Trainee: 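Just dropping this structure here.
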Amino acid sequence: MNGTPHILNRILVGILGLLMTASGALLVLLASVPSVAQWWRVWSADVYQHAAYLAEQTRIPGRQESWLWVAAAAVMVILIVLMVSWLAQQGKGRANLIVADYEDETTPGDVQIGGGVAEQALKAALAGRADLAAVFVATYEFQGRPGLRVRVHPRQGVSPQQLAAEVSGLVEALDLVVGRRTPVLLHIAGGARSRFSKAERVR
């Protein structure tokens with residue numbers, strides 16, 4: 001239900017992690033292995049001489065500057081635009097309303113119910129449960145319709161089937177209150193939060 005590009009994010013994080021790992025390994029080798037440090041000094045000197053030669057050969061006519069700097073500035077601008085576009089995709093799909101453009105035949109007008117109403121109602125209904133370590137509720141737009149994403153972290157020993165049935169009952173009660181059947185994605189999560197939370201029931 002979330003439009004965030006998760007696969008692209010994982011690829012970018014993986015590439016960044018590999019680059020940082022390679023950079024760290026190189027720094028360790030430069031500091032601890034004399035032969036690597038010697039190779040680095042020779043290699044960096046050659047690179048500097050080659051860069052100076054390129055700058056000399058690519059000068060803008062009538063000026064001392066190289067047009068490579070202009071190309072580098074253009075590449076940086078493109079990267080900034082791509083980064084802004086990537087950031088704009090994060091969290092895409094969130095919705096503010098759970099019910100909209102509801103028309104009453106007897107009374108003209110629209111009824112709009114904010115997604116926060118449904119979120120807070122479900123959180124309040126589940127907050128006092130001793131068998132849950134955490135509850136997260138958010139409103140998203142899915143195929144043009146608002147829907148709810150309910151993520152619960154049960155403690156160890158809690159039956160997922162029973163928990164799903166109880167949450168479904170709360171959602172059905174919410175549908176009666178708002179007057180509209182709402183699509184719901186229920187995610188029963190495990191992990192460290194569930195394993196290390198203190199259980200308050202007999203297993």
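We're numbering straight along the sequence, starting at 1. Here the structure is a predicted model, which is why all the values come from computation and not from measurement.
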Trainee: Under a 3.5 Å distance rule, please check whether Arg151 uses its side chain to pair with a backbone N or O of Val137 as donor and acceptor.
Mentor: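 No, Arg151 side chain to Val137 backbone: no donor-acceptor pair under 3.5 Å.
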Trainee: Should we say atom CH2 of Trp69 is surrounded by more than 12 heavy atoms from elsewhere, each under 6.0 Å from it?
Mentor: no
Trainee: As an exercise, state the distance from CG of Leu16 to OG1 of Thr21, rounded to the nearest 0.5 Å.
Mentor: 9.0 Å
Trainee: Report the residues that fulfil side chain to side chain donor-acceptor pair (under 3.5 Å) with Gln38, sequence neighbours left out, ordered by chain and then residue number.
Mentor: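 Partners of Gln38 under the side chain to side chain donor-acceptor pair (under 3.5 Å) test: Arg41.
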Trainee: Hydrophobic cluster membership, with links at side-chain heavy-atom distances under 4.5 Å among I/L/V/M/F/W/Y: are Leu54 and Val70 in one?
Mentor: yes
Trainee: Verify side-chain contact (heavy atoms from CB on, under 4.5 Å) between Val150 and Val184, making sure each step is shown before the conclusion.
Mentor: CA-CA 7 Å; Val150 182; Val184 176; 4.0 Å; yes
Trainee: Return the minimal non-hydrogen interatomic distance between Pro34 and Ser32, and the atom names on each side.
Mentor: CD-O, 3.6 Å
Trainee: Within the 4.5 Å heavy-atom criterion, are Pro154 and Ile188 side-chain neighbours or not?
Mentor: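 The answer is yes, as the side chains (C-beta and beyond) meet within the 4.5 Å cut-off.
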Trainee: Heavy-atom distance under 4.5 Å between the side chains of His153 and Phe136, does that happen here?
Mentor: yes
Trainee: Which value, rounded to the nearest 0.5 Å, describes the distance between Ile80 atom CD1 and Ser85 atom OG?
Mentor: 13.5 Å
Trainee: Please report the shortest heavy-atom distance between Leu126 and Leu170, naming the atom on each side.
Mentor: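 Closest heavy-atom pair between Leu126 and Leu170: CD2-CD1, 3.4 Å.
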Trainee: Is it possible for you to say whether Val28 and Val36 belong to one hydrophobic cluster, with membership spreading through side-chain heavy-atom contacts below 4.5 Å?
Mentor: no
Trainee: Taking all non-hydrogen atoms of both residues, which atom of Ala55 and which atom of Ser66 are closest, and how far apart?
Mentor: O-CB, 3.8 Å
Trainee: Begin with the C-alpha distance, continue with both residues' side-chain angles, and end with the deciding distance and a verdict on side-chain contact (heavy atoms from CB on, under 4.5 Å) for Leu132 and Val158.
Mentor: CA-CA 8 Å; Leu132 296 181; Val158 177; 5.6 Å; no
Trainee: Got Glu119 and Thr139 here, is their nearest side-chain heavy-atom distance under 4.5 Å?
Mentor: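 Yes - at least one pair of side-chain heavy atoms lies under 4.5 Å apart.
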Trainee: Quick one: are Arg10 and Val13 in side-chain contact, heavy atoms under 4.5 Å?
Mentor: no
Trainee: Measuring from atom OG1 of Thr58 to atom CH2 of Trp67, what distance do you get when rounded to the nearest 0.5 angstrom?
Mentor: 6.0 Å
Trainee: Distance from Leu186 atom CG to Leu148 atom CG, nearest 0.5 Å?
Mentor: 11.0 Å
Trainee: Do Val47 and Leu26 sit in the same hydrophobic cluster, where Ile, Leu, Val, Met, Phe, Trp and Tyr count as joined when their side-chain heavy atoms come under 4.5 Å apart?
Mentor: yes
Trainee: With side-chain contact (heavy atoms from CB on, under 4.5 Å) as the test, would you mind laying out the steps for Asp131 and Arg155 before giving the verdict?
Mentor: CA-CA 6 Å; Asp131 56 349; Arg155 301 185 191 276; 5.5 Å; no
Trainee: For residues Leu176 and Glu172, determine if any side-chain heavy atom of one lies less than 4.5 Å from a side-chain heavy atom of the other.
Mentor: no
Trainee: Using a 4.5 Å cut-off on heavy atoms from C-beta on, say whether the side chain of Leu122 contacts that of Leu174.
Mentor: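 They are in contact (side-chain heavy atoms under 4.5 Å apart), so the answer is yes.
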Trainee: Could you check Glu65 against Arg59 for side-chain contact (heavy atoms from CB on, under 4.5 Å), going step by step and ending with a plain yes or no?
Mentor: CA-CA 5 Å; Glu65 295 82 5; Arg59 286 183 177 180; over 6 Å; no
Trainee: According to a 4.5 Å side-chain heavy-atom criterion applied to Ile, Leu, Val, Met, Phe, Trp and Tyr, with indirect links allowed, do Leu12 and Met20 form part of one hydrophobic cluster?
Mentor: no
Trainee: Determine the interplanar angle of the Trp43 and Trp40 rings, folded into 0 to 90°, and report it as parallel if under 30°, tilted if 30 to 60°, perpendicular if over 60°.
Mentor: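 Ring orientation, 0 to 90° scale: tilted.
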